[in-house]
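What follows is a set of notes on a single structure, which appears directly below.
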Amino acid sequence: MSSTPHRALHLLSTPLFTTPTYALSRAEKSKLAYERAKATVLAYRLTMDDILTLSPKFWELHQDPIMALDGGAMTLMTIQVNLTSGTIARYAVHRPDLVPLVEDLLRYRKHGQFLMTEIGHGLDIANLETTATLLPTGEFLLNTPTPAAAKFMPPTVPAGSPAVAVVWAKLMVGGEDRGIRPFIVPLNDGKQMCSGVKSTLLPERGGPNPVNHAITSFHNVRLSPESLLGSLDKASSPRLALTQSMWRVVCGTIAIGSLVLPIMKCYATIGAMYSLRRQVGTPDKRIPIMHFRTQQIPILTLTAQVYVMEAFVQWCTKLFSDTTMDARVRHAIAGILKTTIVGHANAGGIAIADRCGVQGLFAHNQLTTMHNETRGIAIAEGDVLVLSIKLATEMLQGRYKMPVSTDSESLLARHELGLFEENRATLASCSHHRSNDVNRLILPNCQPMIESMGHRMAYDAAVAAGVDSSLIDLYVVSVVKQDAAWYSENAEFGRRALAELETKALDAVLPQAGTLIRQMGVEPWVSSKIVSDERWDAFVDTLETFEGKSDFEVITGEREQQLQSQMVRSHL
């Protein structure tokens, strides 16, 4: 049985979600995104303790299918709750003066933003250029020294409510660089920017759910002594201090990875409902296109992946919330989950959209919209490729140990072990872990290695959770197909055996398809117009229609044709 959060279900009947958005302007859509994010967060009534302990309610918010309806609201929500509130809340434990600010953010009395990455540095956080210089008064002077140091992406333009940000800058004390630190910075009062803060609105990223992404820079912005989160002292290990201070980014890695689960559920539901509605054949013998195996494969495969990923998400979030565990292992679990689930969602979403024909191309049918949001998730809070490179190289060097498989003889466990053994042998032959040989021979294999670990962990989690064996078998098939050559070479599992296993698994899952889709429980959040005749007809009735009484002759008369023919011959 699938479990889908329902705390915000009542919002679907409010004007926030019933108002058609495809005809709205960018400004109107952006405003709506803020209002939807606020309503969703308020529906969960989160406390500072929920944020700090990563309570079940915190994880529920990040698995709510309302996220599949508006990626803009999703982005604003996770920035507000996890990154901004989460970062400040950690310091508020020892600084009571910060508690009211956290409460304002969780009650959405203020907008919260998180300004870390810069145009010229991206994920290279250790080399950020923004500076916060300590003044003799105890205040700080915040500056953007070069165009490359401008903060990139966070939506900092005024949006109706006062906005504050956690801004990451290089702390300068007496000319000494004391490392990257977080500062609380007022951005705007909801109507205009604060003095010295400049926000340049970027063009739309694409898709129907825009966020007011911007380029933000600072010129001699004076900050109070209390704006610094943390100590003025230079850390004995700047790298470790930075890693600890930006822990909410790691939380964000697993939190936004969890956001992909309701998107996958919506993909499968839309694909199944459309395939049952759409029929082909002669007028007296019509059959739904779900009858065809080419339609069944992507829909049933993604359905199996949904149930396995749901077990995997529950396993990962429970493990990640264990504060006694090595932080490096928790970080790895977050990255593995995100990399694995994004890979399944991107591939499955494209396959199902393709099986919906031209209808799959329109944003009002959700498929392209959700794919666009998933691509954004793949980059936010750690690009999956960069995460994979970091995690795989650390594991190859044996810096920490991950939870071992509960079934070391499974196909997926053998695949994981095989890939890591191959690359460990390659690393041993290299002069250094940062050598060009590693760049050439190992880096391209890092994401497949991390995915192989994620596939194995997901399999183990699904077995432990009691997921139906036919769904697990179909999940295994979908994974084996990604690296069929390895299984053929190393597990004596060839093309014919794979095809037979897939056919058997599909035959077992197909009779359950209707029940499995219903149990996902996301139909109320599916806004696609192609899932029923009634919804399609209602949608067409809302569209702009053109009619008139104009009339003109398309086929000219015989005399005119003769004259035209003569003219053509004269020119020849």
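Side-chain contact between Arg456 and His415 is absent, with no heavy atoms from C-beta onward closer than 4.5 Å. Counting only heavy atoms from C-beta outward, the side chains of Asp473 and Val509 never approach each other to under 4.5 Å. A heavy-atom distance below 4.5 Å is not found between the side chains of Ile79 and Glu381. Contact of the Met309 side chain with the Val306 side chain is not registered, since no non-hydrogen atoms from C-beta on lie closer than 4.5 Å. Looking only at side-chain heavy atoms (C-beta outward), Arg7 and Arg45 stay at 4.5 Å or farther from each other. The closest side-chain heavy-atom distance from Thr21 to Leu24 is below 4.5 Å. Side-chain contact between Leu506 and Leu510 is absent, with no heavy-atom pair separated by less than 4.5 Å. Contact of the Arg414 side chain with the Ser410 side chain is not registered, since no non-hydrogen atoms from C-beta on lie closer than 4.5 Å.
A donor-acceptor pair under 3.5 Å links the side-chain atoms of Arg36 to the main chain of Leu16, judged by distance alone. Judged by distance alone, with hydrogens and angles left aside, the side-chain atoms of Thr339 form no donor-acceptor pair with the main-chain N or O of Ile336 at under 3.5 Å. Judged purely by atom type and a 3.5 angstrom limit, Gln296 uses its side chain to pair as donor or acceptor with the backbone of His291. When atom types are taken as modelled, the side chain of Gln80 and the backbone of Leu105 share a donor-acceptor pair closer than 3.5 angstrom. A donor-acceptor pair is defined here as one N or O able to donate and one able to accept, closer than 3.5 Å; no such pair exists between the side chain of Ser258 and the backbone of Gln63. Using modelled atom types, one side-chain atom of Arg286 and one backbone atom of Gly281 make a donor-acceptor pair closer than 3.5 Å. Using modelled atom types, one side-chain atom of Glu310 and one backbone atom of Ser3 make a donor-acceptor pair closer than 3.5 Å. Side-chain atoms of Thr317 come within 3.5 Å of backbone atoms of Val313 as a donor-acceptor pair (strictly under, hydrogens ignored). Not a single donor-acceptor pair under 3.5 Å links the side chain of Trp315 to the backbone N or O of Ala458. Checking side-chain atoms of His62 against main-chain N and O of Ala255 turns up no donor-acceptor pair under 3.5 Å.
Here the straight-line distance linking atom CD of Glu502 with atom CG of Leu474 works out to 7.0 Å at 0.5 Å rounding. Atom CG of Asn372 is separated from atom CZ of Arg205 by 5.0 Å, given to the nearest 0.5 angstrom. Here Met77 contributes atom CE and Ile66 contributes atom CD1; the two are 10.0 Å apart, rounded to the nearest 0.5 Å. Within the model, atoms OG1 of Thr406 and CG of Asp460 stand 3.5 Å from one another, a figure rounded to the nearest 0.5 Å. Put simply, OG on Ser388 and CE on Met449 are 9.0 Å apart, with the number rounded to the nearest 0.5 Å. Rounding to the nearest 0.5 angstrom, the gap separating the CD atom in Glu489 from the CG atom in Asp483 is 8.5 Å.
Nearest heavy atom pair, residue Ala268 against residue Ile299, reads O-CG2, 4.2 Å. Of all heavy-atom pairs between Leu411 and Tyr487, the closest is O-CE2, 3.6 Å. Residues Thr368 and Gly360 approach most closely at CG2-O, 3.1 Å, considering heavy atoms. Between Ala214 and Val157, the closest heavy-atom pair is CB-CG1, 4.5 Å. Shown here for Pro403 and Leu319, the closest heavy-atom pair between the two residues is CG-CD2, 4.0 Å.
A donor-acceptor contact closer than 3.5 angstrom is absent between the side chains of Glu523 and Thr269. Residues Ser478 and Thr301 have side chains that never bring a donor and an acceptor to within less than 3.5 angstrom of each other. Side-chain polar atoms of Glu373 and Gln366 form no donor-acceptor pair below 3.5 angstrom. Defined by atom type and a distance below 3.5 Å, a donor-acceptor pair is present between the side-chain atoms of Gln295 and Ser275. Side-chain N/O atoms of Glu28 and Ser25 include a donor and acceptor closer than 3.5 Å. Using a 3.5 Å distance cut-off with no hydrogens or angles, the side chains of Gln447 and Glu451 do pair a donor with an acceptor. Side-chain contact check for Ser405 and Asp407: no donor-acceptor pair (N or O, by modelled atom type) lies under 3.5 Å. Between Tyr267 and His344, the side chains place no donor N or O within less than 3.5 Å of an acceptor N or O (distance only, hydrogens not considered). Between Lys265 and Thr4, the side chains place a donor N or O and an acceptor N or O closer than 3.5 Å (distance only, hydrogens not considered). Using a 3.5 Å distance cut-off with no hydrogens or angles, the side chains of Tyr274 and Asn365 do not pair a donor with an acceptor.
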Between Glu500 and Arg496, does the salt bridge (charged side-chain N to carboxylate O under 4.0 Å, His left out) criterion hold? Intermediate values first, please. CA-CA 6 Å; Glu500 290 175 354; Arg496 184 179 296 276; 5.1 Å; no

Quick one, Leu76 with Gln113, criterion side chain to side chain contact (heavy atoms under 4.5 Å, CB included). Give me CA distance, side-chain angles, the key distance, then yes/no. CA-CA 8 Å; Leu76 296 169; Gln113 297 299 338; 4.3 Å; yes

Would Trp486 and Glu422 count as a side chain to side chain contact (heavy atoms under 4.5 Å, CB included) here? Give the steps. CA-CA 12 Å; Trp486 187 94; Glu422 290 173 14; 3.3 Å; yes

Apply side chain to side chain donor-acceptor pair (under 3.5 Å) to residues Ser470 and Gln512 and explain how you reach the verdict. CA-CA 10 Å; Ser470 61; Gln512 311 173 60; 3.2 Å; yes

Evaluate Arg277 against Asp533 for salt bridge (charged side-chain N to carboxylate O under 4.0 Å, His left out), listing each step before the verdict. CA-CA 8 Å; Arg277 170 184 170 243; Asp533 291 339; 2.6 Å; yes

Can you check side chain to side chain contact (heavy atoms under 4.5 Å, CB included) on Phe362 and Leu367, steps first, answer last? CA-CA 8 Å; Phe362 286 89; Leu367 298 170; over 6 Å; no

Working for side chain to side chain contact (heavy atoms under 4.5 Å, CB included), residues Ile333 and Met325: CA-CA 11 Å; Ile333 288 170; Met325 182 177 291; 4.0 Å; yes

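At a threshold of 4.0 Å, the pair Arg328-Glu394 does not count as salt-bridged, since none of the basic side-chain nitrogens sits closer than that to a carboxylate oxygen.
For the side-chain contact (heavy atoms from CB on, under 4.5 Å) with Arg248, the lone residue among Thr84, Thr87, Val166 that qualifies is Thr87. Put simply, the residue from Val260, Ile450, Val384, Asp383 that forms a side-chain contact (heavy atoms from CB on, under 4.5 Å) with Lys338 is Val384.
In this structure, the ring of Phe320 has its center less than 6.0 angstrom from the ring center of Trp247. Aromatic ring centroids of Tyr459 and His455 lie 6.0 Å or more apart.
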